[in-house]
Protein chains: 2
Amino acid sequence: MTAEPPVPATSSTAGEPAQRRRRDAAETRQLLLDAARQRFARDGYAATTVRDIADDAGVNVALISRYFTSKEGLFEACLRAAGDELRRTTGQTPADRVPEAIARHIADLGAAGLSSQLSLLLRSSGDARADEIRRGVLVRSSEQLAAARGWRPGEPGSEQLLLRAQMALAAGIGVAVLRSSIRLEPLSSATEEDLVGPLRDLVDALLPPH
Amino acid sequence: MTAEPPVPATSSTAGEPAQRRRRDAAETRQLLLDAARQRFARDGYAATTVRDIADDAGVNVALISRYFTSKEGLFEACLRAAGDELRRTTGQTPADRVPEAIARHIADLGAAGLSSQLSLLLRSSGDARADEIRRGVLVRSSEQLAAARGWRPGEPGSEQLLLRAQMALAAGIGVAVLRSSIRLEPLSSATEEDLVGPLRDLVDALLPPH
DNA sequence: CCAGCAAGTAAACATATGTTGACTTCCCGG
DNA sequence: CCGGGAAGTCAACATATGTTTACTTGCTGG
């Protein structure tokens with residue numbers, strides 16, 4: 001929508017080309033993925049145009065169709081990456097360190113954009129297939145989180161635990177969005193240290209260590 | 001995007017016209033507002049077309065421009081309505097009943113759509129002006145919530161409280177979206193009673209009654 | 001060194017979408 | 001009963017957007 005100057009991916013001063021190989025399909029693919037993740041997380045799926053993404057990545061629009069079939073395919077690739085990242089966090093983290101892990105994700109506002117990846121999971125898509133993938137990512141993540149606190153599939157009375165895990169996940173994502181996409185102050189300027197305390201309170205309240 | 005049959009706003013059986021006056025600007029305006037709120041909340045701003053909204057409301061597209069100037073104007077009207085609703089809740093509610101009030105909002109999945117109005121505040125817009133309004137709504141709501149727990153503007157050391165109020169708000173909205181828009185199970189099927197316990201834990205953990 | 005092929009580009013296309021202006025239909029006060 | 005104005009409709013327009021096709025560029029293996 002807004003027309004920013006494209007990010008050239010290399011320094012635009014004519015001096016040093018910063019070793020970006022000029023023809024490298026893998027790197028170009030990754031540039032597109034990174035640009036897309038940021039745009040989708042910030043503006044949502046429908047509001048992001050493929051030309052925006054291509055300009056950010058500094059490559060030609062047609063390459064999106066070539067490497068990802070379509071805009072929808074690119075979005076799916078972004079969702080998968082975010083899902084892997086999120087599951088890595090809620091998975092191989094000791095149960096009592098989960099709040100810190102979540103806090104770290106939310107606090108990271110850098111271009112790397114772990115927070116962006118979280119936002120990606122809440123922003124609207126208006127696309128049925130993308131919604132399905134997103135739901136799958138969230139289900140698996142919440143089950144992993146619940147399992148860390150003693151949930152076992154089908155076990156009677158532990159449905160409560162899964163519900164609470166999903167609420168904790170929702171809370172974390174909600175904070176991430178208000179912080180990184182909507183930029184609500186003072187939440188947006190809070191440091192990781194500012195966040196980790198309240199987040200610990202929040203997670204512990206929903207999922208008491210068993 | 002998907003082509004549903006239009007909701008005729010009156011029974012389509014020829015028998016009884018259900019007393020919908022045939023020309024009533026105020027009612028038509030309201031029909032548009034209701035249809036827009038639902039669409040915007042479910043699909044997001046950019047993914048919703050004015051033709052979708054008009055069809056849902058059973059009126060002509062051109063009336064959107066007439067009554068709300070533009071699609072953006074209609075979205076603003078929806079945001080204002082949601083903001084009023086939310087502020088009514090976080091405002092004139094005794095501090096210790098806030099979790100129940102939030103729970104009631106989140107639990108309401110009906111077409112009336114209080115939950116929709118919450119979702120509206122997180123779904124992406126890709127529109128600068130709408131984002132500004134949304135931010136304003138969220139700021140005022142979180143300040144009202146924080147004030148109920150003892151926050152006073154500018155008071156030293158109470159910034160923490162505002163931060164925590166914003167996180168509580170974010171958590172509530174996150175739950176509303178995962179529940180009503182993304183339809184994550186079992187969160188989506190949970191009853192109001194299922195939600196109020198965890199929500200009370202959540203709000204109390206973030207904002208201890210002072 | 002150079003043929004061939006992958007990587008990248010540019011332009012065009014078909015369509016969807018927000019908005020507008022001219023036109024028609026209905027209601028109501030005189 | 002009727003004329004005027006409000007409420008509603010229709011069709012067109014300008015533009016933005018996803019995708020494709022034909023083309024150019026540069027690298028590399030033989």
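All of these numbers come straight from a predicted model, not from anything done at the bench. Every chain is numbered from 1 and lettered A, B, ... according to where its sequence line falls, protein lines coming before strand lines.
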Nearest-nucleotide pick for [X], side chain only, options being [options]:
X     : options                : answer
B:R51 : D:dT19, C:dA10, D:dA12 : D:dA12
A:R23 : D:dT9, C:dA7, D:dG18   : C:dA7
A:A25 : D:dG18, D:dA7, C:dA7   : C:dA7

Atom [atom1] of [X] to atom [atom2] of [N]: distance rounded to whole Å?
X     : N      : atom1 : atom2 : answer
B:N60 : C:dC23 : CG    : P     : 17 Å
B:R29 : D:dA7  : CZ    : P     : 12 Å
A:L63 : C:dG8  : CG    : C1'   : 6 Å
B:R66 : C:dA22 : CZ    : C1'   : 12 Å
B:D55 : D:dC10 : CG    : P     : 12 Å
A:I64 : D:dT21 : CD1   : C1'   : 17 Å
A:L32 : D:dT19 : CG    : P     : 13 Å
B:D24 : C:dC26 : CG    : P     : 16 Å

Please output the side-chain donor-acceptor pairs of residues 60-67 of chain A that fall under 3.5 Å, not counting sequence neighbours, one pair per line with the distance.
{"residue": "A:N60", "atom": "OD1", "partner": "A:A62", "partner atom": "N", "Å": "2.9"}

Can you tell me if B:T28 touches the phosphate of D:dA7, counting only side-chain N or O atoms and a distance under 4.0 Å to OP1 or OP2?
no
Within the structure, does a side-chain N or O atom of B:Y67 lie under 4.0 Å from either OP1 or OP2 of D:dA7?
no
Kindly say whether B:C78 contributes a backbone atom to a donor-acceptor pair with the side chain of B:R37 at under 3.5 angstrom?
no
Any donor-acceptor N/O pair, A:S188 side chain to A:I182 backbone, under 3.5 Å:
no
Is the cationic atom of A:K71 (NZ for Lys, CZ for Arg) positioned less than 6.0 Å from the six-membered ring centroid of A:F40 and within 45 degrees of its normal?
no
Return the minimal non-hydrogen interatomic distance between A:L202 and B:A171, and the atom names on each side.
CD1-CB, 4.5 Å
Just checking A:A62: base, sugar-phosphate only, or nothing, at a heavy-atom cut-off of under 4.0 Å?
base
